[in-house]
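Everything on this sheet refers to the single structure shown next.
Each ligand, and each atom within it, is numbered from 1 in the order the structure gives. In what follows, every heavy atom counts, from backbone to side chain, and hydrogens, waters and symmetry copies are set aside.
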Amino acid sequence: MKAQQTELQDLPPGLKRELLPKHVAVIMDGNGRWAKRQGLPRIMGHKRGVDALKDLLRCCKDWGIQALTAYAFSTENWKRPQEEVDFLMTLFQRVLRQELREMVEENVQIQFVGNLNALPRSLQEEISRSMAETKDNRSIRFTVATNYGGRQEILQACRAIAQKVQQGLIQPDEIDEAVFERHLYTAGIADPDLLIRTSGEMRLSNFLLWQMAYGEFYITETLWPDFDRVEFHRALCAYQQRERRFGAV
Ligand code: IPE
Ligand code: IPE
Ligand code: MG
């Protein structure tokens with residue numbers, strides 16, 4: 001296992017290291033509105049959104065947050081105009097290719113979750129390569145949800161388990177939370193402690209339905225391309241004020 005290559009930075013004022021979330025998830029929303037406000041086509045918002053995600057990944061790494069999961073494309077986003085979908089797929093592929101070397105150098109482990117088989121073949125190849133080349137990296141675990149849907153994830157887990165039952169590999173009463181979680185796309189990744197959604201929408205939009213059972217929500221009006229370290233600091237401060245009870249008193 002590689003040693004952690006970068007020193008952790010001091011945390012900005014008001015944050016306590018022992019109360020940092022271990023895993024942060026983000027619904028990167030508002031790219032289109034950001035572009036519209038600037039008088040630009042929607043796709044320019046997506047391009048700027050990539051910069052915001054790169055900054056957030058670096059920030060999580062600098063501050064010692066162990067895992068970041070970002071919602072890049074939902075199973076419902078295929079309903080968008082074909083040009084926008086095509087642009088996004090090309091963008092994902094280009095960014096992956098451009099950023100892979102730096103992720104390797106920075107000791108980032110990248111993973112993808114979702115129905116990856118339905119993505120363009122060339123993007124699937126880039127995804128496989130990036131996951132293989134970073135699999136032993138340990139500075140931060142970076143998960144990108146692409147063609148991801150929480151309901152689809154749960155359904156495919158049910159199908160996989162049902163098949164094992166049919167083959168006699170598992171008994172129905174052996175199916176518990178641990179068994180179920182091992183069949184989700186996110187198997188082996190701890191649940192998010194904090195989910196941030198930008199652009200003010202107050203919904204999950206089919207993201208991490210199972211995993212967010214006890215995650216904390218933080219919603220900001222800021223549009224995704226404008227989400228920066230100052231905003232992230234604010235979100236973490238809010239999170240550190242929360243009392244997580246998990247059903248107890
Ligand atoms: C989120 O921004 C990015 C993706 C869903 C890929 P949107 O494109 O949803 O931006 P708005 O919500 O239209 O402003
Ligand atoms: C959620 O945003 C999906 C991603 C950020 C990838 P949407 O913009 O697609 O969500 P809705 O349609 O407003 O619920
Ligand atoms: Mg949106």
| query | Protein heavy atom under 4.0 angstrom of atom 12 (O) of ligand 2, is there one? | reply | no

| message | Under 2.8 Å from the Mg ion (ligand 3), which protein N, O or S atoms do you find? Ignore water molecules. | response | Asp29 OD1

| Which pairs count as salt bridge (Lys or Arg N to Asp or Glu O under 4.0 Å) when at least one residue sits in residues 143-160, sequence neighbours excluded? | none

Should you measure from each heavy atom of [X], which atoms of ligand 2 turn up under 4.0 Å away?
X: Phe73; value: 6 (C)
X: Asp29; value: 2 (O), 8 (O)
X: Ala72; value: 6 (C)

| query | Taking the side chain from Ser199 and the backbone from Glu221, do they hold a donor-acceptor pair closer than 3.5 Å? | reply |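 It does not hold such a pair.
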
| field | Pair Arg17 + Asp10: basic N to acidic O under 4.0 Å | value | no

Identity and distance of the protein heavy atom lying nearest [atom]:
atom: atom 10 (O) of ligand 1; value: Gly32 N, 2.9 Å
atom: atom 5 (C) of ligand 1; value: Arg80 NH2, 3.4 Å
atom: atom 1 (C) of ligand 1; value: Met28 O, 2.9 Å

| query | Should the ring pair Trp78 and Phe73 be called parallel, tilted or perpendicular, given that the plane angle runs from 0 to 90° and is split at 30 and 60? | reply | perpendicular

Take every heavy atom of [X], measure it against each atom of ligand 1, and state whether any distance is under 4.0 Å.
X: Lys36; value: no
X: Gly30; value: yes
X: His46; value: yes

